[in-house]
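The structure under discussion appears below in the form of C-alpha cells.
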Amino acid sequence: MDRALGRRFDRPRRRALALTVVVAALCTEAHGLSAAAAPSHRAGPHDGIIEARTEAVWQWPLPPPRRIARPYVAPVHDYAAGHRGIDIQPLGDDAGGRVVTAPADGVIAFAGRVVDRSVVTIDHGDGLVSTVEPVEPLWPAGTAVRAGEPIAHLSVGGHTTPRNLHLGARRHGRYLNPLALLGDLPRAVLLPLGSAPAAPGAGGLGR
C-alpha cells in the first residue's frame, strides 16, 4: 500500500523532470539554430588593412615626369565649393609644350573656348565624360579618338596654375575623382593576420 502510494506521488515529479529535460533540449536546439543562422566573426587570415591602388581604366593625359599639383576635393553638395578634378603639373624642360592625349577611347563632344580658356570634352560612352583644360584643341567636335591619341596642346588660362592641366571626370553628370579611373586612388585592402603594412609610395606623383 505504502509502495503504491509512493509510486503514485512520484509520477508528477517524474513528469515534471521529463518536461524540464524536453524544454532544455528544445532551448539548446533553438540556440544552435540561431547561432548557425547568425554570421559569426572569427579570427581569420585577414586582420590588417592597407591601401592599394585601384585598377587603371584611363591613361594619363600627360606623359611622365609629372605630379599632381592640386588634388580632387569633393563638394558637400552640387553647388558647394570644391575642386572637381585634378591639376597635373608636367615636369621637365619641355613642360610648356606638352601634348595632351585622350585618357580613353571616345568622341570629342566639345572643343572650343569657354570664357577665358579653351576646353576639350570627350564622351567615352556609358555616361562617362572627361574634360581637359586649358588646352589648344587639335580636332573639332565629333572626331573619334583613341586612348593615348593627341587631342590638344597644353595652354594657359582659367583658374588653373599656368602650365598645369586640369582633368575632370563625370559619370551621368556627377563629378568623380579622376584618380579612380587612372588607377591611382588608394582603397582599403585586408592583410593577413600579423602582416606589416607596406610602405606608402611617393605621394602626389602620377605613375
Side-chain angles (χ1 to χ4, degrees), residues 50-74 82-171 174-187 189 198-207:
I50 62 169
E51 286 186 347
R53 299 293 173 180
T54 52
E55 182 181 355
V57 179
W58 281 5
Q59 297 182 13
W60 287 85
L62 287 177
R66 59 180 173 250
R67 65 180 292 270
I68 298 172
R70 188 179 177 191
Y72 175 85
V73 179
H83 190 231
R84 296 165 172 82
I86 59 173
D87 290 354
I88 307 169
Q89 178 186 0
L91 304 175
D93 296 337
D94 61 341
R98 290 295 178 93
V99 173
V100 180
T101 58
D105 296 352
V107 176
I108 296 178
F110 178 83
R113 197 105 181 139
V114 177
V115 188
D116 58 350
R117 78 276 193 194
S118 292
V119 177
V120 171
T121 299
I122 303 176
D123 184 350
H124 302 286
D126 195 26
L128 188 60
V129 173
S130 66
T131 299
V132 290
E133 60 175 282
V135 294
E136 291 299 330
L138 295 177
W139 312 108
T143 304
V145 293
R146 305 284 293 180
E149 180 180 347
I151 56 172
H153 285 106
L154 185 61
S155 185
V156 293
H159 64 276
T160 308
T161 302
R163 301 306 177 186
N164 284 4
L165 178 72
H166 178 83
L167 172 63
R170 287 175 292 158
R171 187 183 293 277
R174 300 192 66 87
Y175 287 94
L176 62 150
N177 192 341
L179 291 181
L181 300 167
L182 293 168
D184 210 15
L185 183 66
R187 60 183 174 86
V189 173
L205 291 177
R207 294 178 296 173

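Keep in mind the model is a prediction, meaning the values are calculated, not measured. Heavy-atom basis, side chains included; hydrogens, waters and symmetry copies ignored.
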Item to check | Side chain W139, main chain A144, donor-acceptor under 3.5 Å | outcome: no
Item to check | Atom of G125, atom of D123 and distance for their closest heavy-atom approach | outcome: N-OD1, 2.9 Å
Checklist entry - Which pair of non-hydrogen atoms, one from L176 and one from R171, has the smallest distance, and what is that distance? => result CD2-N, 3.4 Å
Next on the checklist: To the nearest 0.5 Å, what is the distance between CD on E149 and OG1 on T143?
Outcome noted: 9.0 Å
Checklist outcome for this item: From the list R70, H166, H159, side-chain hydrogen bond (donor to acceptor under 3.5 Å, both in side chains) with D87 holds only for H166
Checklist outcome for this item: Between P134 and L165, the two heavy atoms sitting closest are O-CD1, 4.5 Å
Next on the checklist: Can you give me the closest heavy-atom contact between H124 and S130, atom names plus distance?
Outcome noted: NE2-OG, 2.7 Å
Checklist entry - D126 side chain to L128 main-chain N or O, any donor-acceptor pair under 3.5 Å? => result no
Item to check | Minimum side-chain heavy-atom gap T131-R84 below 4.5 Å | outcome: no
Next on the checklist: A side-chain contact here means heavy atoms from C-beta on lying under 4.5 Å apart; do L62 and V100 qualify?
Outcome noted: yes
Checklist entry - Quick one: does L91's side chain get under 4.5 Å of R67's, heavy atoms only? => result yes
Checklist outcome for this item: Residues V99 and P63: closest non-hydrogen pair is O-CD, 4.1 Å
Checklist outcome for this item: dist R98:CZ -> N164:CG (nearest 0.5 Å) comes out at 11.5 Å
Checklist entry - Does the side chain of P103 come within less than 4.5 Å of I122's, by heavy atoms? => result yes
Item to check | Beyond-backbone contact of V132 with L154, side-chain heavy atoms, under 4.5 angstrom | outcome: no
Item to check | Separation between CZ of R117 and CD of E136, rounded to the nearest 0.5 Å | outcome: 13.0 Å
Next on the checklist: Measuring from atom OG1 of T160 to atom CD of E133, what distance do you get when rounded to the nearest 0.5 angstrom?
Outcome noted: 5.5 Å
Next on the checklist: Please give me the minimum heavy-atom distance between V129 and W58, naming the atom from each residue.
Outcome noted: O-CH2, 4.1 Å
Item to check | CH2 on W60 to CG on L182, rounded to 0.5 Å | outcome: 5.0 Å
Next on the checklist: As an exercise, state the distance from NE2 of H83 to OH of Y72, rounded to the nearest 0.5 Å.
Outcome noted: 10.5 Å
